[in-house]
2 protein chains.
Amino acid sequence: MTLAPLSPTARTTVNRGRNRAVEDRTALHALLDDALVAHLGVDVGDHPVVLPVAFAVDLDGPDEGGTLYVHGSVAARWLNRSGATTVCVTVTEVDGLVAARSAFHHSMNYRSAVIVGVARIVTDADEKAHALALTVDHMVPGRSATLRPSTRKELAATSVLAVPLHDASLKVRAEGPVDDVEDVEAGTWGGVIPIRRVADTPVTGDDASGPVPADVVSRAARLGRVARAMA
Amino acid sequence: MTLAPLSPTARTTVNRGRNRAVEDRTALHALLDDALVAHLGVDVGDHPVVLPVAFAVDLDGPDEGGTLYVHGSVAARWLNRSGATTVCVTVTEVDGLVAARSAFHHSMNYRSAVIVGVARIVTDADEKAHALALTVDHMVPGRSATLRPSTRKELAATSVLAVPLHDASLKVRAEGPVDDVEDVEAGTWGGVIPIRRVADTPVTGDDASGPVPADVVSRAARLGRVARAMA
């Protein structure tokens with residue numbers, strides 16, 4: 001795992017709230033591990049479009065800083081059509097609602113990574129199968145090993161984008177309300193509502209039977225205990 | 001509340017997975033109510049940038065279809081600088097992980113709204129104060145009424161964008177795995193890990209004391225029971 005600090009270029013440098021920028025690859029990787037969806041921004045001509053996408057990270061991938069694989073047919077089509085190749089992938093986890101003493105100081109505790117890079121449409125079947133397995137394992141760790149291999153037809157019907165993780169910035173807020181002195185002295189309450197994601201008991205499909213496999217049980221159990229980095 | 005169907009123009013028409021497009025304003029509004037953050041895409045020249053933002057909806061707002069207010073100084077600065085005014089605001093809630101019998105059919109249950117529109121920077125102090133109150137109440141319903149009014153200085157330091165809700169599309173997946181017949185017949189398990197957001201007990205700030213106010217207690221209690229529309 002790369003432990004070098006993030007090296008944001010001008011385009012991912014955090015200009016607002018610079019004190020919230022975290023230059024730590026470990027925290028970036030932890031957030032990408034925790035999050036389930038990313039939001040991919042693609043320029044489609046006269047405006048950007050932002051789409052939710054499943055994703056996975058390969059720290060040993062072919063790109064500088066590791067490779068972020070994004071599963072997305074819509075985005076791939078736009079890239080092919082528009083020729084625009086620089087995309088933005090943003091991953092956000094909300095960890096709390098910050099109830100301050102004034103509207104102005106209300107905030108959220110969150111972790112958010114912004115990755116900007118030239119997207120490469122993955123065409124190699126092996127790399128695509130690898131990216132797909134990583135995406136499945138990101139959803140349910142260990143699951144890809146229990147599945148039959150993808151067919152050639154399935155791989156052809158799957159679009160995967162690869163984005164270098166090099167140009168990334170991370171912003172984190174993990175504290176109570178920061179209020180004006182007069183508002184604190186007035187004695188009104190301020191605090192945080194902590195937020196996390198949980199999984200309920202896995203639901204067996206209508207067309208399935210048998211015991212819920214161990215990887216699924218384990219994933220559901222662990223989701224409620226996701227370590228909220230820096231919280 | 002507007003009950004007219006969504007009227008997506010070409011730019012928000014769902015081209016992929018058209019069967020998942022939901023033309024229902026009520027479902028759109030329910031999603032916008034459930035979600036805590038939106039992802040705002042702004043074109044910054046040669047590429048888009050996607051940022052997490054707090055937001056609020058005013059169905060009686062001045063814009064067609066209602067107004068989506070987005071809290072965001074960074075985006076406002078870019079809009080001022082680049083002159084690019086068409087933005088994309090995407091709001092996504094993940095409701096489940098869909099474990100299929102093949103990597104190809106793995107999916108997620110989710111609700112996602114994509115709103116494209118010309119962003120207006122709110123300059124009127126009254127509209128800005130109103131948008132800020134709505135944003136606070138979106139986080140903790142009822143809270144804005146318990147706070148002192150925002151000062152002129154605070155309003156001047158707050159940037160709010162208004163985006164019409166008119167041009168919106170909603171995509172929903174809310175079902176078990178859809179597998180190939182052969183994979184189902186092979187007898188392997190398929191199903192869904194349901195996912196939801198919960199709040200833990202509110203944490204009183206280090207500089208605060210006294211009982212947690214009723215609006216905060218109520219918000220924390222309700223978060224775990226968010227109605228997952230169409231789930």
Side-chain angles (χ1 to χ4, degrees), chain A residues 16 36-37 39 41-43 46-50 52 54 73-74 86 88 90 92 94 97 99 102-104 106 108 110 112 116 132-133 136 139-140 143-144 147-148 150 154 176-177 184 189-200 202-208 210 212-213 216 219-220, chain B residues 16 36-37 39 41-43 46-50 52 54 73-74 86 88 90 92 94 97 99 102-104 106 108 110 112 116 132-133 136 139-140 143-144 147-148 150 154 176-177 184 189-200 202-208 210 212-213 216 219-220:
Chain A
R16 181 88 185 181
L36 299 175
V37 296
H39 281 84
V42 184
D43 196 334
D46 60 339
H47 65 89
V49 165
V50 178
S73 304
V74 176
T86 300
C88 180
T90 299
T92 306
V94 177
L97 302 174
S102 63
F104 185 71
H106 270 65
M108 292 190 204
Y110 66 96
S112 186
V116 175
L132 203 51
V136 166
M139 288 174 55
V140 184
R143 186 152 184 83
S144 72
L147 304 171
R148 63 161 173 78
S150 293
E154 287 173 338
V184 173
W189 186 89
V192 174
I193 303 177
I195 287 181
R196 64 194 160 93
R197 183 190 298 126
V198 296
D200 290 320
V203 177
T204 298
D206 291 339
D207 58 2
V212 180
V216 173
R219 175 55 160 160
Chain B
R16 181 87 185 183
L36 299 175
V37 295
H39 280 84
V42 183
D43 196 333
D46 60 340
H47 65 89
V49 164
V50 178
S73 305
V74 176
T86 301
C88 179
T90 299
T92 307
V94 177
L97 302 174
S102 63
F104 185 71
H106 270 65
M108 291 189 205
Y110 66 95
S112 185
V116 175
L132 203 51
V136 165
M139 288 174 55
V140 183
R143 186 151 183 85
S144 72
L147 304 172
R148 64 162 173 78
S150 293
E154 285 173 339
V184 173
W189 186 90
V192 174
I193 304 177
I195 287 181
R196 64 193 160 93
R197 183 191 297 126
V198 296
D200 290 318
V203 177
T204 297
D206 292 339
D207 57 2
V212 180
V216 173
R219 176 53 159 161

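What you see below is based on every heavy atom in this structure, not just the backbone, and it leaves out hydrogens, waters and symmetry mates. What you see is a predicted model; the values in this text were computed from it and never measured. We name chains A, B, ... by the order of the sequence lines, and we start the count at 1 in each one.
- Considering every non-hydrogen atom in both B/A99 and A/V216, the closest pair reads CB-CG2, 4.3 Å.
- B/V203 has its side chain within reach of A/P194: a pair of non-hydrogen atoms, C-beta onward, lies under 4.5 Å apart.
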- Message: I'd like to know whether B/V198 forms a side chain to side chain contact (heavy atoms under 4.5 Å, CB included) with A/R196, so could you lay out the CA-CA distance, the side-chain angles of the two residues, the decisive distance to 0.1 Å, and finally the verdict.
- Response: CA-CA 6 Å; B/V198 296; A/R196 64 194 160 93; 3.8 Å; yes
- Query: Given A/D43 and B/H47, is the side chain to side chain contact (heavy atoms under 4.5 Å, CB included) satisfied, shown in steps?
  - Reply: CA-CA 6 Å; A/D43 196 334; B/H47 65 89; over 6 Å; no
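- A/W189 approaches B/R143 most closely through the heavy-atom pair O-NH2, 3.4 Å.
- For chain B, the option among A/G176, A/A54, A/S150, A/S102 with the highest count of heavy-atom pairs below 4.5 Å is A/S102.
- One distance of note links OG1 of B/T92 with NE2 of A/H39; it measures 3.0 Å at 0.5 Å rounding.
- Residue A/R197 holds its CZ atom at 6.0 Å from CD1 of B/I195, rounded to the nearest 0.5 Å.
- Residue B/P48 comes nearest to A/G41 through the heavy atom pair CG-O, 3.3 Å, listed as atom of the first residue, atom of the second, then distance.
- Side chains of B/Y110 and A/V37 form no contact here, defined as non-hydrogen atoms less than 4.5 Å apart.
- Inter-residue side-chain proximity for A/L147 and B/H106 is flagged as met; some heavy-atom pair is nearer than 4.5 Å.
- Taking each heavy atom of B/P52 and A/S112 in turn, the nearest pair found is CG-OG, 3.2 Å.
- Formation of a donor-acceptor pair under 3.5 Å by the A/T90 side chain with backbone atoms of B/V50 is found in this model.
- With chain B as the partner, the residue from A/S144, A/A133, A/P177, A/G205 showing the most heavy-atom pairs under 4.5 Å is A/G205.
- Neither the backbone nor the side chain of B/D206 comes within contact range of chain A; no heavy atoms are under 4.5 Å apart.
- When all heavy atoms are compared, the tightest approach of B/T86 to A/D46 is CB-O, 4.3 Å.
- In this structure, A/M108 and B/M139 have side chains that are in contact, with non-hydrogen atoms separated by less than 4.5 Å.
- Residues B/L36 and A/L97 are in side-chain contact: their nearest non-hydrogen atoms beyond the backbone lie under 4.5 Å apart.
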